[in-house]
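The structure under discussion appears below in the form of C-alpha cells.
We count residues from 1, following the sequence as given.
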Amino acid sequence: MKIGKYPVKPSFRVARVVSDVLSLGIAVLIFSVTVNFITQYRMMLQKIGAEGVSEIEDSYISAFSWSYWLSLIFPALVVGVFAAYLILTLTSRKLNKFNITKRTAQDVYDWYAFCVSVCKIPVLMGIFDVMYIFHQRMLGDKISFFSLQVLLDIVIVAIIIRFTVHRIRKITETKDTVQSADDSVVKVRVADNDDKE
C-alpha cells in the first residue's frame, strides 16, 4: 500500500481504534433493530390476518406483506459503508494535491485513515435516523421524511474532511518556503573602530 509514491504500513492508533469500535457498535445496533422490526412487523400482520376480516386482509396485508423486507436496505448500507472504509484505507492513494515525501507519508496515511474512520460514525448515525423514519412510516405513523439529524451528519462529515485536509496540508508543506524565509534574513555585524585598535 502506498501514499503518493511511498509505501506505508496500516497503523491503528488509539483514537482510530475507538472510532472503529464505536462505529461497529452502531452497526450492531442497526442490525439488531432491523431484525426486531421484521419480527414484530410479521407478528402484527399475522394478528391482523388471524382475525379473518377479508377486507383488512385484501387492502392491508396484501399491500404490506412483502414491504417490510425493504428494511434490509439499511443493513446493506451498513455493509457498504464498512466495505468502502476497507477499500479506502487498504488501497494506495496518490493524493497528488500534496507534496508527500518519504518522511511524511506515514503521517499523511495516519491522518487520512483516521478521517475515513471517523466519517463512518455520522454516516451510520444518518442511516440509523433514516431507518427510524422508515420504520415509523411502515407502522402507520405520519412522520415527516425530513430529518435534521441527516443534515447535521452531512455538516459533520464536511467539517471532519476539511480539518483533515488542512492537517495533511500542514504536514506536507515544503520546508523550502521556511528555509527561504530564513535565508532572506541577512545578519550584519558592525565593526567598531575601537575594536580594531
Side-chain angles (χ1 to χ4, degrees), residues 1 3 8-45 64-95 97-98 106-171:
M1 178 174 53
I3 290 291
V8 291
K9 296 176 183 175
S11 61
F12 289 90
R13 295 186 178 178
V14 175
R16 186 176 167 196
V17 170
V18 169
S19 169
D20 286 344
V21 168
L22 189 58
S23 57
L24 196 61
I26 298 169
V28 169
L29 178 66
I30 290 171
F31 274 93
S32 61
V33 168
T34 301
V35 169
N36 188 45
F37 172 75
I38 288 175
T39 305
Q40 296 298 325
Y41 198 80
R42 287 174 77 179
M43 286 174 59
M44 183 184 77
L45 290 178
F64 291 100
S65 61
W66 60 271
S67 55
Y68 61 86
W69 291 109
L70 289 174
S71 61
L72 292 176
I73 291 171
F74 303 105
L77 288 173
V78 169
V79 171
V81 167
F82 277 92
Y85 167 67
L86 291 175
I87 290 167
L88 289 172
T89 56
L90 297 178
T91 56
S92 297
R93 299 276 145 221
K94 290 188 178 178
L95 301 178
K97 292 182 179 179
F98 305 104
Q106 189 64 49
D107 283 341
V108 169
Y109 171 77
D110 290 341
W111 275 99
Y112 168 78
F114 178 65
C115 170
V116 176
S117 177
V118 171
C119 283
K120 286 198 317 286
I121 296 171
V123 169
L124 291 171
M125 293 293 286
I127 291 171
F128 184 83
D129 194 54
V130 172
M131 181 181 73
Y132 170 77
I133 293 169
F134 176 82
H135 288 177
Q136 292 300 104
R137 290 190 71 86
M138 285 289 292
L139 294 171
D141 192 359
K142 298 299 179 189
I143 191 170
S144 171
F145 281 115
F146 175 76
S147 172
L148 184 62
Q149 175 70 41
V150 173
L151 289 178
L152 286 173
D153 292 331
I154 292 168
V155 170
I156 289 168
V157 168
I159 290 169
I160 293 168
I161 291 171
R162 182 68 189 106
F163 173 78
T164 304
V165 168
H166 175 72
R167 185 71 191 121
I168 291 174
R169 191 170 285 138
K170 277 289 194 189
I171 291 170

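Each of Ile168, Asp110, Val8 was evaluated against Ile3; a single residue qualifies, Val8, per the side chain to side chain contact (heavy atoms under 4.5 Å, CB included) test.
Rounded to the nearest 0.5 Å, atoms CZ (Phe12) and OG (Ser19) are 11.0 Å apart. Rounding to the nearest 0.5 Å gives a distance of 13.5 Å between OH of Tyr109 and CZ of Phe114. Thr34 OG1 to Leu29 CG: the interatomic distance, rounded to the nearest 0.5 Å, is 9.0 Å. Note that CZ of Arg169 is 14.5 Å distant from CH2 of Trp111, once rounded to the nearest 0.5 Å. Remark: Leu77 CG to Met131 CE distance equals 11.0 Å, nearest 0.5 Å. Note: Gln106 CD to Ser11 OG = 5.0 Å, rounded to the nearest 0.5 Å.
Using cut-offs of 30° and 60° on the angle between ring planes, the pair His135 and Phe74 is perpendicular.
The two residues Pro122 and Ile156 make their nearest non-hydrogen contact at CG-CG2, 3.9 Å. Across Phe146 and Ile133, no two heavy atoms sit closer than the pair O-CD1, 4.3 Å. When all heavy atoms of Cys115 and Ile160 are compared, the closest pair comes out as SG-CG2, 4.0 Å. Nearest heavy-atom pair across Ile161 and Cys119 is CG1-SG, 4.0 Å.
Screening residues 25-36 for salt bridge (charged side-chain N to carboxylate O under 4.0 Å, His left out) gives no qualifying pairs among residues at least two apart or on separate chains. A salt bridge (charged side-chain N to carboxylate O under 4.0 Å, His left out) check over residues 114-132, counting only residues at least two apart or in different chains, returns the pairs Asp20-Lys120.
In this structure, Tyr132 and Ile143 have side chains that are in contact, with non-hydrogen atoms separated by less than 4.5 Å. Inter-residue side-chain proximity for Val78 and Phe128 is flagged as unmet; no heavy-atom pair is nearer than 4.5 Å.
Partners of Thr164 under the side-chain hydrogen bond (donor to acceptor under 3.5 Å, both in side chains) rule, at least two apart in sequence or in another chain, do not exist in this structure. Every residue meeting the side chain to side chain contact (heavy atoms under 4.5 Å, CB included) condition with Ile26, not counting sequence neighbours, appears here in chain and number order: Ile30, Ile121, Leu124, Met125. Listed by chain and residue number, nothing satisfies the side-chain hydrogen bond (donor to acceptor under 3.5 Å, both in side chains) test with Arg137 (two or more places apart in sequence, or in another chain).
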Before giving the answer on side chain to side chain contact (heavy atoms under 4.5 Å, CB included), spell out for Phe98 and Val108 the whole-Å C-alpha distance, their side-chain angles and the decisive distance to 0.1 Å. CA-CA 10 Å; Phe98 305 104; Val108 169; 5.8 Å; no

Can you give me every donor-acceptor pair (side chain of residues 86-93, partner residue at least two apart or in another chain, under 3.5 Å) with its distance?
unit_1: Thr89; atom_1: OG1; unit_2: Tyr85; atom_2: O; d: 2.7
unit_1: Thr91; atom_1: OG1; unit_2: Ile87; atom_2: O; d: 2.5
unit_1: Thr91; atom_1: OG1; unit_2: Arg93; atom_2: NH2; d: 2.8
unit_1: Ser92; atom_1: OG; unit_2: Lys2; atom_2: N; d: 2.8
unit_1: Arg93; atom_1: NE; unit_2: Tyr112; atom_2: OH; d: 3.1

